[in-house]
Protein chains: 2
Amino acid sequence: MTDEVVQPERAELSLPRVLAALSDPARLATVRTLAMLGESACGRIQHDAGLDVSKSTMSHHLRILREAGITHTRVDGARRMVTLRRDDLDARFPGLLDAVLGAPVEAR
Amino acid sequence: MTDEVVQPERAELSLPRVLAALSDPARLATVRTLAMLGESACGRIQHDAGLDVSKSTMSHHLRILREAGITHTRVDGARRMVTLRRDDLDARFPGLLDAVLGAPVEAR
DNA sequence: CGAACAGTACGATGGCTGTCTAACTTCCCG
DNA sequence: CGGGAAGTTAGACAGCCATCGTACTGTTCG
């Protein structure tokens with residue numbers, strides 16, 4: 001009951017897929033926010049990232065990130081707690097996440 | 001006559017756009033090939049990258065890379081000589097290109 | 001119990017994108 | 001000059017994708 005979601009193994013992480021997941025501004029903001037907050041619930045991420053989208057759209061973005069192997073999701077009561085898979089990403093694509101997080105934030 | 005193509009300034013490079021450009025396997029292969037070969041013509045890149053697509057599709061991919069600011073194109077007679085914009089990419093997104101080039105090559 | 005809350009699932013929709021063929025422009029070279 | 005080589009452009013087409021509203025499931029709490 002702790003966790004039941006589909007997420008790829010470390011060795012299965014695909015670079016094109018990871019890059020595609022990160023290429024959307026909303027998801028990029030999500031990842032940045034997650035890097036600052038640490039584990040947090042969907043609604044919290046959406047609020048803190050300043051994303052003005054519907055709940056279903058947010059859910060969609062989080063699914064893309066999860067299925068690309070960028071995040072991990074744990075069920076906690078009514079909430080889903082999401083974390084960045086830093087270790088796996090660093091192991092498979094060294095320097096990539098740091099480069100993305102260190103890059104200048106886009107102008108709105 | 002040396003050059004007449006549209007390519008963004010260093011400061012204008014957009015991370016989502018760069019990531020989107022790199023998220024296609026054909027373009028990723030193109031960038032890897034370009035990193036090994038140095039400046040080279042479109043046909044040469046296509047051949048060395050092992051890309052089995054039409055000329056127009058290749059032209060399309062090279063345009064995406066150019067307009068994202070990842071490559072520079074110089075006209076040389078009948079050919080277009082393409083190079084990676086390593087300096088600009090490194091300056092604006094430190095570590096990103098290295099991480100992408102250093103990542104494991106995907107299984108076909 | 002019952003209402004409000006946290007998210008997901010499902011369609012629907014409009015826009016973007018990778019691909020191709022065909023036609024065109026330049027340029028090189030014999 | 002004339003043919004072939006190197007790419008680009010235009011147009012068409014199929015598939016994917018970001019977005020939304022609505023309906024649904026499960027949870028928390030008064």
Side-chain angles (χ1 to χ4, degrees), chain A residues 1-7 14 16-31 34 37 39-68 70-83, chain B residues 1-7 14 16-31 34 37 39-68 70-83:
Chain A
M1 182 219 281
T2 318
D3 188 16
E4 288 308 336
V5 233
V6 189
Q7 6 211 2
S14 148
R17 196 157 185 198
V18 166
L19 295 175
L22 295 174
S23 73
D24 182 279
R27 292 194 290 263
L28 203 49
T30 297
V31 168
L34 226 27
L37 293 185
E39 183 176 63
S40 37
C42 305
R44 176 83 188 286
I45 298 169
Q46 173 165 9
H47 175 267
D48 281 37
L51 295 178
D52 187 23
V53 295
S54 68
K55 273 197 306 180
S56 57
T57 297
M58 191 64 203
S59 185
H60 162 73
H61 284 312
L62 288 170
R63 186 161 57 86
I64 300 288
L65 288 172
R66 172 167 24 88
E67 293 182 351
I70 295 173
T71 59
H72 174 267
T73 301
R74 177 175 68 84
V75 176
D76 170 40
R79 292 174 312 174
R80 265 70 172 171
M81 301 304 289
V82 181
T83 49
Chain B
M1 183 218 281
T2 318
D3 190 14
E4 287 308 337
V5 234
V6 189
Q7 7 211 1
S14 149
R17 197 158 183 196
V18 166
L19 294 175
L22 294 174
S23 72
D24 181 278
R27 292 193 291 262
L28 202 50
T30 296
V31 168
L34 225 29
L37 293 185
E39 182 176 63
S40 36
C42 305
R44 176 81 188 286
I45 298 169
Q46 173 165 9
H47 175 266
D48 281 37
L51 295 177
D52 188 23
V53 295
S54 69
K55 275 196 305 180
S56 58
T57 297
M58 191 63 203
S59 185
H60 162 72
H61 284 312
L62 288 169
R63 185 162 57 87
I64 300 288
L65 289 172
R66 171 168 23 91
E67 292 182 351
I70 295 173
T71 59
H72 173 268
T73 300
R74 176 175 69 83
V75 176
D76 169 40
R79 292 174 311 175
R80 264 70 173 170
M81 301 304 290
V82 182
T83 49

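Quick note on labels: first sequence line is chain A, next is B, and so on, each numbered from 1. Worth saying up front: this structure is predicted, and the values here are computed from it rather than measured.
Nearest heavy atoms, B:Ser23 versus A:Pro16: O-CB, 3.3 Å. Minimum heavy-atom separation, A:Ala26 to A:Leu51: O-CD1, 3.7 Å. Shortest non-hydrogen contact noted between A:Leu22 and A:Leu28 is O-CD1, 3.6 Å. A:Val18 and A:Ala68 make their closest contact through CG2-O, 3.7 Å (heavy atoms, listed as atom of the first residue, atom of the second, distance).
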Side-chain donor-acceptor contacts of residues 55-62 of chain A below 3.5 Å, not counting sequence neighbours, with atom names and distances?
unit_1, atom_1, unit_2, atom_2, d
A:Ser56, OG, A:Ser54, OG, 3.2
A:Thr57, OG1, A:Ser54, OG, 3.0
A:His61, ND1, A:Arg27, NH1, 3.1

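Taking the side chain as every heavy atom from C-beta outward, A:Arg79 and A:Arg44 never approach each other to under 4.5 Å. Looking at heavy atoms from C-beta onward, A:Arg63 lies in side-chain contact with A:Arg66 at the 4.5 angstrom threshold.
Atom-to-atom, CZ of A:Arg74 to C1' of C:dG7 comes out at 15 Å; the value is rounded to the nearest Å. Taking atom CG of A:Asp52 as the reference point, atom P of D:dA18 lies 17 Å away to the nearest angstrom. Computed from coordinates, the B:Leu65 CG to D:dT8 P distance equals 12 Å when rounded to whole Å. Put simply, CD on A:Glu67 is 12 Å from P on D:dA18, counting in whole angstrom units. Atom-to-atom, CG of A:Leu62 to C1' of C:dG7 comes out at 10 Å; the value is rounded to the nearest Å. The nearest whole Å value for the distance from the CD atom in A:Gln46 to the P atom in D:dA18 is 16 Å. In this structure, A:Arg80 places its CZ atom 9 Å from P of D:dT27, rounding to the nearest Å. For the pair B:Asp76 CG and D:dA5 P, the computed distance is 18 Å after rounding to whole Å.
Phosphate contact (OP1/OP2 of D:dC17, side-chain N/O of A:His61, threshold under 4.0 Å): absent.
Residue order along DNA chain D, read from the 5' end via each residue's closest nucleotide, puts B:Ala78 first among B:Ala78 and A:Ala78. In this structure, A:Arg79 and A:Asp24 both approach DNA chain D, and ranking their closest nucleotides by distance from the 5' end singles out A:Asp24.
Backbone-only contact: B:Arg27 has heavy atoms under 4.0 Å from sugar-phosphate atoms and none from a base.
Distance from the side chain of A:Ile64 is smallest for D:dA18 among the nucleotides C:dG7, D:dA18, D:dT9.
Against DNA chain C, the stretch residues 53-60 of chain B makes heavy-atom approaches under 4.0 Å through B:Val53, B:Ser54, B:Ser56, B:Thr57, B:His60.
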